[in-house]
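Below you'll find the structure, written out as structure tokens, and then a few comments.
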There are 2 protein chains.
Amino acid sequence: MAEPKGKIDDTNSESAVPKAVVSRLSLYLRELQHLLRDSQETTSSTQLGSMLGFTDAQVRKDLAYFGQFGYPGIGYRCDELVHAIKRILGTDRDWPIALVGIGNLGRALLGYRGFGEQGFRVVAAFDSDPQKVGAVIEGVPVYAAEDLPQVVKSKGIRLAILAVPAIAAQAAADQVVQSGIEGVLNFAPMTITLPKEVRLVGVDLAIELEQLSFAVASRNPKPCDESI
Amino acid sequence: MAEPKGKIDDTNSESAVPKAVVSRLSLYLRELQHLLRDSQETTSSTQLGSMLGFTDAQVRKDLAYFGQFGYPGIGYRCDELVHAIKRILGTDRDWPIALVGIGNLGRALLGYRGFGEQGFRVVAAFDSDPQKVGAVIEGVPVYAAEDLPQVVKSKGIRLAILAVPAIAAQAAADQVVQSGIEGVLNFAPMTITLPKEVRLVGVDLAIELEQLSFAVASRNPKPCDESI
DNA sequence: TAGATTGTTAATCGATTAACAATC
DNA sequence: TAGATTGTTAATCGATTAACAATC
């Protein structure tokens, strides 16, 4: 086996990688981590693709957006590809996270192990309810919303999760933006607008169920594929 | 204003509506419901699109998959379009839901109001921990996994939410399938395989954060759009 | 009527797949 | 070596956008 090539070609990171490619990248990473746990050293675009219902060509094309990570005739070394994808996704380091809204969902996200496994650390929680401020939940201190700018700065927080009611979502978004946050994961069932320099990902849990009810109700008989 | 046209053309519901179209349909519904709450009677493809960052042509094309819902020169009646989209998505009626896994996330989903607002009722919860069985959480009774077939049948449940650890996801999936479930919303960070006649939607919360860290870390300066 | 807006067709754009030389 | 598999180009496929006659 020759020298690892794993150099990341970020010349084209600026030239618009399709969103779908990035989301498949996360899926590849998840599968590779499972393979690693099963002590598998190498894999191929064919194997990786078939685990997720994609073609081998798609796997190779997706990776090609970012560089050359494989060995012709051999495939990919799982550990190398994991590191490469983590570097691309930015999860080769830890991300301190602010969580806004300590309702049902907020508390669940505070305790969610899956975040920590990928390097996401919820280090501060915020709520407008004065009764909750000062508490420590799952080891995470709860602050007043007014403290956002100070806490965000002192803890080096760049990402925020919004788990507030729809009605409060835009105001909460404005506050986190004001505090210097660079990216927002919005769980409120509400479209929010942010300055264009702040990244936004939205997850609406009811919408996910709607996708399912549509598929079941209209029973379009397609091959089973996991959308994420 | 002429006769409402709202007939749903389900001849093509069998000819593969793209998944992206259905997910935009849910977003249109969400915006329309907000417009209705603001007492707006009609809207246009241009308005609806601009609320979500889509073109007017896309809105009209998406709706055209399912029928004719608008009035040339006028636009769309919000209430009519809400009813039409709900009928398409299958949320014009209630869906009793089974929730499997009463950990942190499971409990949060039990109490999540957003589901109920769209007609999704979690009517039974399941857990493998005997200590939890028999409890009633947020008004929802907790059963043993073995009771799945019986409860699913007696309550007419067709959809299940999986909120179990990754390691337990495939086994849980097999159990709900065995009990006759027709659709699965999987929150476990794990690819699961189901018989092709059972629909699957997957949501991996860590992956959503990865999409965000990628966007922030690589700071590709695109216009702010909400992925869902 | 004139202005607005739909539904739909045709043109454009982008993403996926197939194919294959290069490599191990 | 022969067999396997990559990275990449060209061909295909599908989705988005533009344009416009029909309609209110």
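Since the structure is predicted, the reported quantities are computational estimates derived from the model, not experimental observations.
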So the stems of DNA chain D, runs of at least three Watson-Crick or G-U pairs (under 3.5 Å), are C:3-24 with D:3-24
B/Q68 atom CD is separated from D/dT23 atom P, nearest whole Å, by 11 Å
From the list B/L32, B/L35, B/V59, B/L27, side chain to side chain contact (heavy atoms under 4.5 Å, CB included) partner of B/M51 resolves to B/L35
Taken to the nearest whole Å, CG/B/L81 to P/C/dT6 is 10 Å
Contacts of A/G73 and B/S44 projected onto DNA chain C by closest heavy atom; the upstream (5') one is B/S44
D/dG7 phosphate, OP1 or OP2: any side-chain N/O from A/Y76 under 4.0 angstrom? yes
- Item | Salt-bridge present (B/R219, A/E182; N to O < 4.0 Å) | yes
Atom CG of A/L48 and atom C1' of D/dT5 are separated, to the nearest Å, by 14 Å
Legend entry - Donor + acceptor pair across side chains of A/N104, B/Y112 (<3.5 Å): no
The nucleotide from C/dC24, D/dT6, C/dT6 with an atom nearest the side chain of B/P72 is C/dT6
query: Under the 3.5 angstrom rule, does the side chain of B/D38 hit a backbone N or O of B/Q40 as a donor-acceptor pair?
result: no
Taken to the nearest whole Å, CD1/B/I74 to P/C/dT6 is 10 Å
* Asked: Judged by modelled atom types alone, do A/E210 and B/S26 share a side-chain donor-acceptor pair under 3.5 Å?
  -> yes
Any donor-acceptor pair under 3.5 Å from A/S213 side chain to B/L89 backbone: yes
A/Y71 OH to C/dC24 P, in whole Å, measures 11 Å
* Asked: So what does B/S45 hit on the nucleic acid, given a heavy-atom distance under 4.0 Å: a base, only sugar-phosphate, or nothing?
  -> sugar-phosphate
Heavy-atom contacts, protein to nucleotides 15-21 of chain D, under 4.0 Å, summarised as B (base), S (sugar-phosphate only) or - (none) per nt, yield SBBBB--
Q: Kindly say whether A/S23 contributes a backbone atom to a donor-acceptor pair with the side chain of B/Q211 at under 3.5 angstrom?
A: yes
Whole-Å distance, A/Q47 CD to D/dT5 P, equals 10 Å
Atom CZ of A/F69 and atom C1' of D/dT6 are separated, to the nearest Å, by 13 Å
- Are B/R121 and B/D94 close enough for a salt bridge, meaning some N to O gap below 4.0 Å? yes
query = Do B/T42 and B/Y76 come within less than 4.5 Å of each other through their side chains, counting heavy atoms only?
reply = no
Taken to the nearest whole Å, CD/B/E80 to P/C/dT6 is 13 Å
